[in-house]
Amino acid sequence: MRHIKHSSMWVGLVIILPLFWEGITCQVAGYSINVPRSVRVQEGLCVTIPCNFTANYRNMFKNSFGYWMLNPPNSPSPSNPATIVATTDKFGPRGRTNFYLTGNPDTGDCSLTITDAKKEDAETYYFRFEESKTSKVKLNFIDYVKPTISVTNLTEEPIISDPGTVIAGINKTLTCTPPGNCSATSLVIQWRKSNVAGIWENSSTVTFTPSLCDHQQSITCQMTNSNGKTTQKTILLHVYKSPSDKEDTNVCTVRAVDSTIIIGIVIGNITAFILINVASYFCLKRHMEKRQLGNASPDSKTQDKESTYEELSGQKTAIYYNLKAQ
Ligand SMILES: *[C@@H]1O[C@H](CO)[C@@H](O)[C@H](O)[C@H]1NC(C)=O
Ligand SMILES: *[C@@H]1O[C@H](CO)[C@@H](O)[C@H](O)[C@H]1NC(C)=O
Ligand SMILES: *[C@@H]1O[C@H](CO)[C@@H](O)[C@H](O)[C@H]1NC(C)=O
Ligand SMILES: *[C@@H]1O[C@H](CO)[C@@H](O)[C@H](O)[C@H]1NC(C)=O
Ligand SMILES: *[C@@H]1O[C@H](CO)[C@@H](O)[C@H](O)[C@H]1NC(C)=O
């Protein structure tokens, strides 16, 4: 028994010792880094890699310098110098145009932000810290965790701002942005509208004057990266008649009145529903005659009617305006 125990302990030590030595060879007491080992980002989008570190047991410094470096296949040497991709050193080399050391090294923050990710950015990187140019507190965190970035194809959809209430005749501005707080990017943003042929707008914002003919039309924002990959997001427009069209009534009187008016509103609802659908029908008809786009199959018409009803039943106030306007 004793013999077996001893030998398994030795085997264990023989396995563990080299790992232990390898793990600590170039790590220095008082220096540590917390950063994810792998990070994914979609081509054209942005990512922030959270990172913090200690140097000489501290994470508070003054006017220190941080650097993110491309991890070389072999150790850096005079003939194979390390490449800086991002730095807080304003006097040093600039690094890559889409890499930013967004953390403040003075507070032990080494967070790295990559905007407009490219397939070439898929590499491994390491952090370098210098308390000052003359201080001995400096280190390449090569023998620590190093983030490897992978850049995948674009599949995430753009985000269209909430249109809120869309009223005929009142200008509406919509914006379309890539997901993930990503402004500096080469993504091309374009808009389409179901009753406009071709590209509606070539910009991240669009301002338009909605008309009742836009009711139940769809608006699509598409983003395209430099590799030609496109994703898109579509919203359906619900356009209401302008409140200024109503005769001099206001919403407060409606709340206080008796049941005959409520019955009136119910009948009004049905009337407004029919009128809006009739109006949509004529808009569609006129539109098809004009453009011959042919985008109104019998199926899509049925769907339109259902969603119109859903939307209207939740919008009593707007209906009331419609009713009074008729
Ligand atoms: C450092 O990073 C780790 C892991 O990302 C996190 O748990 C920790 O709160 C961070 N510490 C500071 C001081 O930011
Ligand atoms: C990414 O896109 C390229 C073409 O741009 C294609 O060849 C490749 O198969 C795609 N990869 C994945 C994982 O879909
Ligand atoms: C978005 O990015 C900006 C800088 O580009 C930054 O100041 C801001 O804190 C970020 N917001 C979020 C929610 O990450
Ligand atoms: C948008 O740009 C495309 C080509 O990039 C062009 O064909 C189209 O006319 C432009 N449309 C508008 C509305 O500016
Ligand atoms: C409404 O939008 C249109 C189209 O962009 C613009 O020509 C017009 O000046 C705008 N009107 C107002 C009142 O902002």
Side-chain angles (χ1 to χ4, degrees), residues 36-47 49 96 98-99 114-124 147-180 182-246 279 283 286-288 290-295 318 321 325:
R37 203 172 284 279
S38 71
V39 175
R40 273 169 184 272
V41 58
Q42 297 194 350
E43 195 175 12
L45 297 183
C46 309
V47 68
I49 302 164
R96 288 192 192 162
N98 62 328
F99 278 59
I114 300 169
T115 61
D116 196 15
K118 297 171 182 60
K119 289 271 156 100
E120 306 88 87
D121 296 333
E123 297 270 7
T124 300
T148 296
I149 293 162
S150 48
V151 181
T152 57
N153 286 349
L154 181 67
T155 60
E156 283 195 68
E157 291 173 358
I159 297 157
I160 298 180
S161 59
D162 181 358
T165 307
V166 180
I167 298 164
I170 297 180
N171 275 8
K172 190 52 100 177
T173 297
L174 295 175
T175 53
C176 180
T177 47
C182 192
S183 50
T185 160
S186 64
L187 291 164
V188 173
I189 305 273
Q190 292 182 312
W191 296 86
R192 292 177 183 278
K193 189 156 165 273
S194 52
N195 55 354
V196 173
I199 299 291
W200 182 36
E201 188 72 51
N202 285 315
S203 141
S204 60
T205 64
V206 63
T207 298
F208 69 108
T209 312
S211 78
L212 284 178
C213 284
D214 290 332
H215 187 62
Q216 294 295 311
Q217 297 292 336
S218 64
I219 286 183
T220 299
C221 166
Q222 59 183 50
M223 63 179 188
T224 306
N225 69 15
S226 52
N227 206 9
K229 281 264 188 301
T230 297
T231 62
Q232 61 182 44
K233 174 83 187 170
T234 297
I235 59 168
L236 206 57
L237 278 179
H238 299 284
V239 183
Y240 295 100
K241 238 181 174 169
S242 166
S244 63
D245 289 348
K246 71 189 164 124
C283 286
R286 201 176 62 187
H287 165 67
M288 277 173 65
K290 267 192 190 164
R291 306 236 184 200
Q292 294 181 313
L293 283 181
N295 60 347
Y321 292 144

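As the structure lists them, so they are numbered: ligands from 1, and atoms in each ligand from 1. This structure is a prediction, so every number in the text was calculated from the model and none was measured.
At least one N or O atom of Lys229 sits closer than 3.5 Å to an N or O atom of ligand 2.
You'll find the side chain of Leu236 reaches within 4.5 Å of the side chain of Gln216, heavy atoms only.
Per-residue contacts place Asn227 under 4.0 angstrom from the following atoms of ligand 2 (heavy atoms of the residue considered): 5 (O). Using a 4.0 Å cut-off to heavy atoms of Thr209, the atoms of ligand 5 that qualify are 1 (C), 2 (O), 3 (C). For ligand 4 and Ile199, the ligand atoms under 4.0 Å from any heavy atom of the residue are 13 (C).
Protein heavy atoms are found less than 4.0 angstrom from atom 2 (O) of ligand 5. By the definition of a contact as any protein heavy atom under 4.0 Å away, atom 9 (O) of ligand 5 is not in contact. Atom 14 (O) of ligand 4 is flagged as protein-proximal [any protein heavy atom, distance under 4.0 Å].
Taking all atoms of both residues into account, the shortest heavy-atom contact from Gln222 to Thr230 is CB-CG2, 3.9 Å. Summarising the geometry of Pro210 relative to Ile170, their closest heavy-atom pair is CD-O, 3.0 Å, with the distance given to 0.1 Å. When all heavy atoms of Thr173 and Ser161 are compared, the pair lying nearest together is O-OG, 4.4 Å.
If you check the side chains of Asn171 and Thr207, you find no donor sitting under 3.5 Å from an acceptor. Between the side chains of Thr155 and Gln42, at least one donor-acceptor pair of N or O atoms lies under 3.5 Å.
Annotation: Lys118, atom NZ; neighbour count of heavy atoms from other residues, nucleotides and ligands within 6.0 Å is above 12.
Of the protein's non-hydrogen atoms, the one nearest atom 5 (O) of ligand 4 is Gln190 NE2, 4.4 Å. Regarding atom 12 (C) of ligand 4, its nearest protein heavy-atom neighbour is Asn202 ND2, 3.1 Å. Here the heavy atom of the protein found nearest to atom 4 (C) of ligand 5 is Thr207 O, 3.9 Å. In terms of protein heavy-atom proximity, atom 11 (N) of ligand 5 is closest to Asn171 ND2, 2.8 Å. Of the protein's heavy atoms, Asn153 ND2, 4.2 Å lies nearest to atom 6 (C) of ligand 2.
Separating the CE atom in Met223 from the CG atom in Leu187 is a distance of 5.5 Å, to the nearest 0.5 Å.
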